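A short worksheet on the structure shown next.
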Amino acid sequence: MSYTAPMLLTTKFLKPAADVRAVNRSRLHRLLDPSPPKRLNLVVAPAGYGKTTLVSQWCVGLAENVAWLSLDENDNSPRRFWQYVIGAAQHSGVTGTDQLSRRLASFEDHEMEGAVAGLLNALTQTPALSTIVLDDFHLIQDPKIHRQFAYFIDYLPPGITVTITSRTEPELPLERWRVRQWVTDIQPQVLAFSESECRHFFRDYMALSLSDEESRQIWRQTEGWVAAMQLTALSGRSPDNADESPKTLEVGGQQINRYVFSEILDQQPEDIRQFLLDTAMTSRLSGSLCDAMRANSDSQAFLERLIRLNLFVIPLDSKNEWFRYHDLFRDALLQRARALDGDRVNLLEQRAVDWLLTHDHVQEAVAQVISRKDWARLATVLEQHGNNLIQGGHHLPVLEWLQKLPSDILINRPQLLMVRIWGLFFANRLSQIEVQLSDLEDILDRRVADSHPDAEGALALHNEISLIRSYIARSKSDDKSAQDLTQQVLREIDHTRIPLKSVTYYGLGLDYFGQGDLGAAEEALAASVRYGQLERKASTVLSSGGLLAWIQYSRGEIDQALETSTDIRTWVDDHFYDPSQPRLISCWQNSTLVEIYRERKEKELSDASLLPLLDHLENGTEPGQHVVIQHVRGHQAFSEARYEDAILALEDAESVARRRREHIVFEPPASGALLVRCHLAANEVSKAKAWLRDWQQRPQSSPLNDCQNAVSAARVHIRLGQFDLACTLLADLLTKAEAEQNSRLVIEVLLVYASSLGASGQLEEARNMLERALDYGAEGGFFQIFLDEPDSLKTLLLTTQGIQGAGHWHTRLRDALEKRVGKLPRQTTNGAGSDGLIEPLSQREQEVLGLINEGLANKDIAEKMAVAATTVKAHIRNLYGKLDVGSRTEALAKARHIGLL
């Protein structure tokens, strides 16, 4: 299907013309200039601060191309937003965006990161572009766009700077980027005109002859807010003679920078002044939060009054729900509030913490508690919320906060000790856990023995300890102990007040997965997802849902795997997205998406899923995740025939899996099986033989990996001409794979089986295998698995009847195969024998023809012949091909015409 790019309004790509009379703001231009590692210029200020004028003026002086986009309210949808961003890049000369722009219409909303990846690839190849400007970004409010745009900045090619103008600070991970020195901020206080700029503004732009002192006074009173200066100048003109220079200009207000109290706070009405003092305790404000602090219900109206009065309150969203004070202004207010009534400040802070905790702003509450050094309250907060914070990916901050607690508080609170152990577990510091578990068990045992008032809580913590020990046992390959401990927790879980079901079922899913019982693993992991959502454990939902999708993909259920991944991602983003923190990533989930999109030959989407994993890899990750990431990375490189890159990634995966086995709590994929395929593809036969010798002496691993290793062993036997050995291995594997309904494995076994049969001259049998593989491939949507096979097998595939199917999948695969090995001459009826057949029917095909003539359905034919239904389909396709027909009716008519019936 072809897609037509939408008609875009090109005037949105035109920079506003620079006014030659405008003040030259070179001090700000220098801030905007590219300076690695910067990626983002953020120009944020209320209306009237000259944001657009500043940026357009700066662009005039740039030597390289600039992509400009003026946003409007209609751009607040992911597809339209990225259509215009890509259009702006295309308008500025970025090559490679034509096809991307057309394809964008086919992407679903959850696949937009594929379009972003395509744009990033195009920008990488266009060194002439240095700057992308997005004007009025505050009109973009959709959280999906913010997440996609964060991804765009995270992987922006070197040498390109994005500049945003906005009235509000966008919901992006700005603090994380600021730490990395990726952001240059131009806030109102920076954007405000300097005294010199103020003087030039009145003289050159407004054509007013003011003394330096008059200009200085206006600058001081307006604090450089250009709109206020302009209104001041216009207010002094005579209506009868607009060109006449006023004798005096008066501006209300006092010098804010020097005298916050005397010139601003003390001049406000009493109710405003008291509101400012009562709400200066938190870094963010909302009407509901202020109501809770003040024990009142009119805070929203006060906040809106402050906005109208321009009293240093800055909206943080477009809905007027969240605000903040200018930091220096807030500090001054808080200082005055504490001086006037310190006890009231303490009460207000306590109320603020209560509200933040009740409304799930736990990290802000913790920051508030730490600023007060209220260690007892911090301990209570971490007891209640520490586990959920850890599950939300904040294990490192939790560990840092726990270190602030005095030792006497920590040692007397077993639940806190358990929180620390979970934090260490998620940080993969397993070596530090054993001793702490033993110490905690001793404390709990003493509490039970002494009939401590919280003895029941001590017993409940033993379940958590058992659960942790089960994961440690998995890391040591002690599967029996792991399963025994998990079952013990399951037996007692309904009697504990701690939400452990999601983590427990995830461990159970890992056990079943390691044993090769994929059906039981799916059931346990689905339960883990369900309980994790109820318990609001984001990390467990991501991990269990990611592994569930991986299993579904491995069993050939590609659509189901994609649906699972999408649903899980949506739930986590809806409930746990925090722009100040890195996006939660599941290694299993993203790896599954890499595999799915690689299999479907959708490179942009595959790259989009792989990029966060590579960032994860670079920043350090646990060894099991390291192996999985390098495995899918190597698989992608193998499918792209980048064998050297594939070998490097897979050798690293094998090395880590071998050296760090005791730190891996699950069975990682068989990277060695994929590695030997790379050696064969690169003609490194001696390395393949060495792997085969090693595999024959190696103990078994997980059943899934054993099967994958056996397939690769068969490939080596085929290369060595040992066809009988290969077929013996493959016959057993085929039976096992079909019994387990692992269609992905079935396809690969059938393809390798066909390769062995074809190499040994058994072409008809080989084609029968390929017909069956095509059936499975078309049903499951597999594609790349056929293209990854040697050219000899691709050629053989093109000679089968099944490849000639008229469906989109068959056409796409046939075209891809022909692109790899060239077109083969099509057989037609002109080449038929004297009996009207292209080639004679086999005995089994004649038997099938007779049963069709009796009116039997495929299922009945299979039952009567005692063969699989897929075998009957293969015979029927061969039959159709030899008769040169396309249906049962045509086959029977042709058979009667030539005397076969």
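Predicted model, so just to flag it, every value in this text is computed and none were measured. One-based numbering along the sequence shown.
Between the side chain of Gln57 and the backbone N or O of Val23, at least one donor-acceptor pair lies under 3.5 Å. At least one donor-acceptor pair closer than 3.5 Å links the side chain of Arg79 to the backbone N or O of Leu104. Judged by distance alone, the side chain of Arg324 and the main-chain N or O of Ser283 form no donor-acceptor pair under 3.5 Å. Judged purely by atom type and a 3.5 angstrom limit, Gln368 uses its side chain to pair as donor or acceptor with the backbone of Met281. Here the side chain of Asn76 pairs a donor or acceptor atom with the backbone of Gln141 at under 3.5 angstrom. Of the possible polar contacts, none joining the Thr97 side chain to the Leu100 backbone as a donor-acceptor pair under 3.5 Å is found. In this structure a side-chain-to-backbone donor-acceptor pair under 3.5 Å is missing from Lys15 to Val133. A side-chain donor-acceptor contact under 3.5 Å links Ser56 to the backbone of Thr52. For Asp142 (side chain) and Ser77 (main-chain N/O), no donor-acceptor pair under 3.5 Å exists by modelled atom type.
At a threshold of 4.0 Å, the pair Glu213-Arg199 does not count as salt-bridged, since none of the basic side-chain nitrogens sits closer than that to a carboxylate oxygen. The residues Asp154 and Arg176 are annotated as salt-bridged, a charged nitrogen and a carboxylate oxygen being separated by less than 4.0 angstrom. Salt-bridge check for Glu604 with Arg103: passed, with a basic side-chain N closer than 4.0 Å to an acidic carboxylate O. We find that Glu169 and Arg178 are joined by a salt bridge, their nearest charged nitrogen and carboxylate oxygen being less than 4.0 Å apart. Looking at Arg305 and Asp271, a side-chain N of the basic residue comes within less than 4.0 Å of a carboxylate O on the acidic one, giving a salt bridge.
When all heavy atoms are compared, the tightest approach of Ser215 to Phe202 is OG-CD1, 4.3 Å. The two residues Ala538 and Val572 have their closest heavy-atom pair at O-CG2, 4.3 Å. Closest approach of Tyr155 to Pro612, counting heavy atoms only: OH-CA, 2.7 Å. Summarising the geometry of Arg273 relative to Glu270, their closest heavy-atom pair is NH2-OE1, 2.5 Å, with the distance given to 0.1 Å. Closest of all the heavy-atom pairs between Leu31 and Thr184 is O-CG2, 3.5 Å. Of all non-hydrogen atoms in Leu210 and Glu214, the two that sit nearest each other are CA-OE1, 3.6 Å.
Under the 6.0 Å cut-off for aromatic ring centres, Trp322 and His361 qualify, their centroids lying closer than that.
Environment of CD in Gln99: sparse, with no more than 12 heavy atoms of neighbouring residues, nucleotides or ligands closer than 6.0 Å. Residue Lys38 places its NZ atom among more than 12 non-hydrogen atoms of other residues, nucleotides or ligands, all under 6.0 Å distant.
The shortest side-chain heavy-atom distance between Leu32 and Leu54 falls under the 4.5 Å cut-off. The side-chain heavy atoms of Arg294 and Phe302, taken from C-beta on, include a pair separated by under 4.5 Å. By the 4.5 Å heavy-atom criterion applied to side chains, Glu321 and Ser286 are not counted as neighbours. Contact check for Val44 versus Leu191: no side-chain heavy atoms found under the 4.5 Å cut-off. Counting only heavy atoms from C-beta outward, the side chains of Asp278 and Met293 never approach each other to under 4.5 Å. Using a 4.5 Å cut-off on side-chain heavy atoms (C-beta onward), Val162 and Arg39 make no contact. Between Leu139 and Asp75, every side-chain heavy-atom pair lies at or beyond the 4.5 Å cut-off. Using a 4.5 Å cut-off on side-chain heavy atoms (C-beta onward), Leu119 and Val85 make contact.
In this pair, Phe152 and Phe149 present their aromatic rings tilted. The plane angle is within the 30 to 60° band. Relative orientation of the Phe13 and His91 rings is tilted, given thresholds of 30° and 60° on the angle between their planes.
In summary, the side chains of Asn121 and Gln125 do not present any donor paired with an acceptor at a separation below 3.5 Å, with no hydrogens or angles considered. Between the side chains of Trp68 and Ser70, a donor-acceptor pair is found at a separation under 3.5 Å. Defined by atom type and a distance below 3.5 Å, a donor-acceptor pair is present between the side-chain atoms of Glu197 and Ser194. No side-chain donor from either of Ser92 and Asn65 sits under 3.5 Å from a side-chain acceptor of the other. Side chain to side chain, Ser609 and Asn590 fail the donor-acceptor criterion of an N or O pair below 3.5 Å. When only modelled atom types and interatomic distance are considered, Trp58 and Asp33 share a side-chain donor-acceptor pair under 3.5 Å.
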Item to check | Intermediate values then yes/no, side chain to side chain contact (heavy atoms under 4.5 Å, CB included), Leu123 and Ile132 | outcome: CA-CA 11 Å; Leu123 292 174; Ile132 299 172; 4.1 Å; yes
Next on the checklist: Pair Asp72, Lys12 - check salt bridge (Lys or Arg N to Asp or Glu O under 4.0 Å), show working.
Outcome noted: CA-CA 9 Å; Asp72 58 45; Lys12 290 167 63 102; 2.8 Å; yes
Checklist entry - What's the verdict on side chain to side chain contact (heavy atoms under 4.5 Å, CB included) for Leu356 and Val362, showing C-alpha distance, side-chain angles and the deciding distance? => result CA-CA 6 Å; Leu356 291 168; Val362 180; over 6 Å; no
Checklist entry - side chain to side chain contact (heavy atoms under 4.5 Å, CB included) between Leu120 and Val116: does it pass, once the steps are laid out? => result CA-CA 6 Å; Leu120 290 168; Val116 180; 4.2 Å; yes
Next on the checklist: Pair Leu276, Leu306 - check side chain to side chain contact (heavy atoms under 4.5 Å, CB included), show working.
Outcome noted: CA-CA 9 Å; Leu276 290 170; Leu306 295 182; 3.8 Å; yes
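Here NE2 of His29 is found 8.0 Å from CZ of Arg25. Values are rounded to the nearest 0.5 Å. One distance of note links OG1 of Thr279 with CG of Leu303; it measures 7.0 Å at 0.5 Å rounding. Separating the CZ atom in Phe323 from the OG1 atom in Thr282 is a distance of 12.5 Å, to the nearest 0.5 Å. Put simply, CG on Leu156 and OH on Tyr151 are 12.0 Å apart, with the number rounded to the nearest 0.5 Å. Rounded to the nearest 0.5 angstrom, Leu40 CG and Ile160 CD1 are separated by 13.5 Å. One finds the CD atom of Gln300 at 9.0 Å from the SG atom of Cys290 (value rounded to the nearest 0.5 Å).
Across Asp135, Ile140, Thr165, a single residue satisfies side chain to side chain contact (heavy atoms under 4.5 Å, CB included) together with Leu71, and that is Ile140.
Within the cation-pi definition used here (under 6.0 Å to the ring centroid, within 45° of the axis), Arg180 qualifies as a partner of Trp182.
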